[in-house]
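The structure appears right after this line, and notes come after that.
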Protein chains: 2
Amino acid sequence: MQEILNIFKALSEETRLRILKLLENGELCVCDIVAALDTIQPKVSFHLSTLKEAGLIKDRKQGKWVHYSIHDSDIFRRFLLLSVLERISPETILEDSNRLRVFLKEKNQKSPIVAIDNRAVCCPR
Amino acid sequence: MQEILNIFKALSEETRLRILKLLENGELCVCDIVAALDTIQPKVSFHLSTLKEAGLIKDRKQGKWVHYSIHDSDIFRRFLLLSVLERISPETILEDSNRLRVFLKEKNQKSPIVAIDNRAVCCPR
DNA sequence: CTTACATATAAATATTATTTTATATTAAAC
DNA sequence: GTTTAATATAAAATAATATTTATATGTAAG
């Protein structure tokens with residue numbers, strides 16, 4: 001029962017749903033999410049670890065950066081995530097995505113390597 | 001976003017999952033649930049109201065009694081409930097169902113009106 | 001109309017989760 | 001190797017939830 005409880009607990013907090021919604025379009029590193037949510041970094045790290053613990057996201061380490069993305073592990077989680085993300089309209093996180101866009105654009109100018117998805121590559125190589 | 005949060009919050013607590021699992025086989029009145037969970041009545045009422053608030057269960061008043069049952073309102077909730085209940089094995093709530101069985105049997109002897117589902121009718125009419 | 005029963009609600013308390021602040025870790029840049 | 005940047009973790013403060021205890025409400029029975 002603990003496993004399913006962890007999944008629902010992870011999904012029962014607004015910040016975490018906003019993070020998931022942001023990750024819908026691809027992976028982001030912690031600093032991207034911090035910028036998008038306009039909040040402080042330890043808070044984001046806390047929620048990311050909750051989501052990861054529940055098996056909803058995964059991380060990929062690359063140098064100093066840690067990139068998080070949706071982890072479509074088993075069918076149940078995949079289905080849950082799909083239906084959840086579908087039920088959160090883009091307008092709900094409009095401010096988040098605006099801030100993210102601005103942040104990524106700036107990053108892009110400093111290190112103009114563009115990846116798929118019109119997203120900047122997080123970290124210069 | 002608040003609606004979906006309420007649904008997940010409702011599903012992120014063990015007592016409430018146990019109640020939902022008990023309701024899987026049909027409606028129960030509050031005192032049945034109290035007996036099954038071997039706990040106190042205000043606690044059960046509290047959790048029932050949370051579940052009802054989230055639209056996961058509904059109530060039916062009959063005299064002094066209030067019967068609760070799963071509310072398969074919209075597709076999302078229905079699907080959620082289905083997959084949740086499926087993922088909670090009967091063994092998980094074995095003690096609960098044992099206590100429920102004993103309690104219903106006793107009730108049955110006092111007022112031997114048997115309803116569908118081999119469950120006693122909660123209250124004499 | 002008084003009593004007893006089923007449930008709900010309120011208030012007080014306890015528990016758990018989140019947020020903040022401060023600090024540690026790790027890796028790249030200098 | 002020292003500094004800087006990105007992230008994580010620990011400790012403390014705060015906020016949110018759940019539990020308990022006490023009481024209220026409504027309904028049927030006597």
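Within every chain, numbering begins at 1; the chains are lettered A, B, ... in the order of the sequence lines, protein sequences first and strands thereafter.
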> So does B:K52 pair up with B:D59, basic N to acidic O under 4.0 Å?
Replying inline: yes
> Is any side-chain heavy atom of B:F103 closer than 4.5 Å to a side-chain heavy atom of B:V34?
Replying inline: no
> Charged N to carboxylate O under 4.0 angstrom, A:K21 versus A:E14?
Replying inline: no
>> Could you tell me how far apart B:Q62 (CD) and C:dT7 (C1') are, to the nearest whole angstrom?
In response: 14 Å
>> Any donor-acceptor pair under 3.5 Å linking the side-chain atoms of A:Q41 with those of A:S45?
In response: yes
> Yes or no on side-chain contact (heavy atoms from CB on, under 4.5 Å) for B:I70 and B:L85, after CA distance, side-chain angles and deciding distance?
Replying inline: CA-CA 11 Å; B:I70 285 184; B:L85 294 176; 3.6 Å; yes
> Can B:Q62 and B:R60 be said to form a side-chain contact (heavy atoms from CB on, under 4.5 Å), step by step?
Replying inline: CA-CA 7 Å; B:Q62 179 188 17; B:R60 176 175 74 82; 3.7 Å; yes
> How close or far is atom P of D:dT23 from atom CD1 of B:I40, stated in whole angstroms?
Replying inline: 15 Å
> How long is the span from the CD1 atom in A:I7 to the CZ atom in B:F8, to the nearest 0.5 Å?
Replying inline: 10.5 Å
>> Test your reading of the model: is there a side-chain donor-acceptor pair from A:E91 to the backbone of A:L94, 3.5 Å cut-off?
In response: no
>> Given A:I19, which partner from the list A:L51, A:D96, A:L28 fulfils the side chain to side chain contact (heavy atoms under 4.5 Å, CB included) test?
In response: A:L51
>> Please determine whether a side-chain nitrogen of the Lys or Arg among B:E3 and B:R77 lies less than 4.0 Å from a carboxylate oxygen of the Asp or Glu.
In response: yes
>> Rounded to whole Å, how long is the line connecting atom CG of A:D59 with atom P of D:dA8?
In response: 7 Å
>> OP1 or OP2 of C:dA6 versus the side-chain N and O atoms of B:Y68: is any pair under 4.0 Å?
In response: no
>> Using a 4.0 Å cut-off on heavy atoms, which residues in residues 5-19 of chain B reach DNA chain C? List them by number, or say none.
In response: none
>> Treating A:T92 as the side-chain partner and A:I88 as the backbone partner, does any N or O pair qualify as donor plus acceptor under 3.5 Å?
In response: no
> Taking DNA chain C as the partner, which of residues 41-52 of chain A come within under 4.0 angstrom of it by heavy atom?
Replying inline: A:P42, A:K43, A:F46, A:H47
> Starting at CG of A:L37 and ending at C1' of C:dT20, how long is that distance when rounded to a whole Å?
Replying inline: 16 Å
What are the atom names and distances for every N/O pair under 3.5 Å that joins the protein to nucleotides 1-5 of chain D?
| residue | atom | partner | partner atom | Å |
| --- | --- | --- | --- | --- |
| D:dA5 | O4' | A:K64 | NZ | 3.4 |

>> Expressed as a whole number of angstroms, how long is the span from A:L28:CG to D:dT7:C1'?
In response: 15 Å
